[in-house]
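Data block below; observations after.
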There are 2 protein chains.
Amino acid sequence: MGTDKRRASRQAEAERNDQALLAAAREVLAIDGAHASVASIAAAAGVGIGSLYRRYRTKEELYQRLCEIALDDYARAAEEGLAHGDPWEGLVHYITTAVSFGPGSLAPIAGTIEITAEMAEKNERSDRAVEMLVGRAHRCGALRNDATALDISLLIEQLAKSPLDDHFKRQQMAALAQAARTARERIVAIAIQGLRAPAHQPLPGDPPGYELFSERWASRHDNPSP
Amino acid sequence: MGTDKRRASRQAEAERNDQALLAAAREVLAIDGAHASVASIAAAAGVGIGSLYRRYRTKEELYQRLCEIALDDYARAAEEGLAHGDPWEGLVHYITTAVSFGPGSLAPIAGTIEITAEMAEKNERSDRAVEMLVGRAHRCGALRNDATALDISLLIEQLAKSPLDDHFKRQQMAALAQAARTARERIVAIAIQGLRAPAHQPLPGDPPGYELFSERWASRHDNPSP
DNA sequence: TCTAAACGGAGCGAATCGCTCCGTTTAAGA
DNA sequence: TCTTAAACGGAGCGATTCGCTCCGTTTAGA
């Protein structure tokens, strides 16, 4: 079909550039956090700033797209976990996969962008899957019964960010960055072990409420310091 | 003695301001990370910028002082742990106390300042104490034997930073910040539970090496991107 | 050879940085 | 009461960095 030929070289380059941009943005955001600059994202993708702004009219638009992709990844990881026959193994798959995403593009920019409809929808899908995953693991007795789905979500967020890895990446020390990554895998294994039933002693305080998630995305553009 | 009178109001205010500066710097650094500004530190302390620079000739000098204090806190927490009769309880005391320090003033500025002699000394003292703590806990069989002292130090660093807490603090939402803190306490409890022997399965990969700590403080002022 | 789509990046105004410099306040001594 | 010097707060300097625009160049296809 002619379409394939029309989509050839030049348009194909545009497509490749878009993928490179999204991948680079994800990486840079994970390392530099909220202070990542558009210039550094374009540079990391090997693309001019102009090309970036031809695809996304603004920085926020790019960030929104990144969030949608990240939320989709989380939802998929949770659904893969549900596909596992063993409830515990399924939960472990979700946790390790989600952690391996790194801080993704979510936490660093929470509250700085407007939530799109697509983001809200993917988020609900993800929440539902995680809730089912945790419920299953509770019922089969593998997961300690005082750990809630929100506890696990917060645990994932806590483990996802690796300051050590980021630091060595920023300094271009690849070997040490790799070592930092395997060190974190050990820590994740420790945390997962801590989720197994039975627990030696109950978790302190009340279980976390959902406001911890929802309130943080209520984007308030008013700066705290006038 | 006349000294007390000479040290009265005006010099006393200077002393109070110094304490306020250190406390505020610690707080601001924990929230804003490496991008904290001198102006915001002075403002948080309720002090003029001029007063800050009368005490510390440069931003780096202030940061070095903060690091020395933080390292001292860690060392003290570890030594308190050693004072406990029960090895496991002593280790738990160290971990929870160290985590409660937050990211302190260490991780955010690692590699950005020169190490003073005092910093190196306090660091060694802290390391020795932690090594003994972990050795004791291993010998009495409470701590899983494939978890090393470095694993525990990295675990502490991983848990110390609370993005959620920081976010709500930045947005001046005190109630949610408090909720975020108790949520993190639950996560710390989970992780500690994961350190208990016996483990269901061994930790993956090789134990982390000490370069992960030492290399990161080798301050390289050359920017990676020329 | 010509055209139009995709490209890269210099550079704009605004914001922010670390830090200096100076006019003001205040407690102690004459 | 007046003088003095130590401690104060903060406006503002030059440098840097930001998001974004604008324009000259490259290149695939007719």
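Residue numbers start from 1 in every chain, and the chains themselves are labelled A, B, ... in the order their sequence lines are given, proteins ahead of strands.
- Rounded to whole angstrom, the span from the CZ atom of A:Arg55 across to the C1' atom of C:dA6 amounts to 8 Å.
- Here D:dA7 is the nucleotide among D:dG10, D:dA7, C:dC7 with the atom lying nearest to any side-chain atom of B:Ala14.
- Going from atom CG of A:Asp32 over to atom P of D:dG19 covers 11 Å, rounded to whole Å.
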Self-check item: Steps toward side-chain hydrogen bond (donor to acceptor under 3.5 Å, both in side chains) verdict (A:Glu80, A:Thr97)
Solution: CA-CA 10 Å; A:Glu80 284 171 9; A:Thr97 307; 5.0 Å; no
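- The closest side-chain heavy-atom distance from A:Tyr74 to A:Leu106 is below 4.5 Å.
- Within 4.0 Å (heavy atoms only), A:Ala36 reaches sugar-phosphate atoms of the nucleic acid but no base atom.
- Summarising the geometry, the separation between NE2 on A:His35 and C1' on D:dG19 is reported as 15 Å, rounded to the nearest angstrom.
- Side-chain nitrogen and oxygen atoms of A:Ser37 include none within less than 4.0 Å of the OP1 or OP2 phosphate oxygen of D:dT17.
- Relative to the side chain of A:Tyr53, the nucleotides D:dG19, D:dG9, C:dC7 differ in distance, and D:dG19 lies closest.
- Two residues, B:Arg54 and B:Lys59, neighbour DNA chain C, and the one matched to the more 5' nucleotide by heavy-atom proximity is B:Lys59.
- We find that CZ of B:Arg16 is positioned 13 Å from C1' of C:dT26, with the value rounded to whole Å.
- Comparing D:dC8, C:dG8, D:dC20 by their nearest atom to the side chain of A:Thr58 picks out D:dC20.
- A:Arg128 has no carboxylate O lying under 4.0 Å from a charged side-chain N of A:Glu131, or vice versa, which leaves the two without a salt bridge.
- At least one donor-acceptor pair closer than 3.5 Å links the side chain of B:Asp151 to the backbone N or O of B:Thr148.
- Of all nucleotides listed (C:dG18, D:dG19, D:dC8), C:dG18 comes nearest to the side chain of B:Val38.
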Protein-nucleotides 13-16 of chain D N/O pairs closer than 3.5 Å?
none

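- In this structure a side-chain-to-backbone donor-acceptor pair under 3.5 Å is missing from A:Arg26 to A:Leu66.
- Using a 4.5 Å heavy-atom cutoff, the side chains of B:Pro163 and A:Lys161 are not in contact.
- Put simply, CG on A:Asn17 is 17 Å from P on C:dA5, counting in whole angstrom units.
- Note on B:Ala43: nothing from the nucleic acid sits closer than 4.0 angstrom, heavy atoms only.
- Following rounding to the nearest Å, B:Ile41 (CD1) and C:dC17 (C1') show an atom-to-atom distance of 12 Å.
- B:Ile49 places its CD1 atom 14 Å from the C1' atom of C:dC22, with the value rounded to the nearest Å.
- Of the charged side-chain nitrogens involved, at least one lies within less than 4.0 Å of a carboxylate oxygen, so that A:Asp73 and A:Arg76 count as a salt-bridged pair.
- Computed from coordinates, the B:Asp18 CG to D:dA7 C1' distance equals 13 Å when rounded to whole Å.
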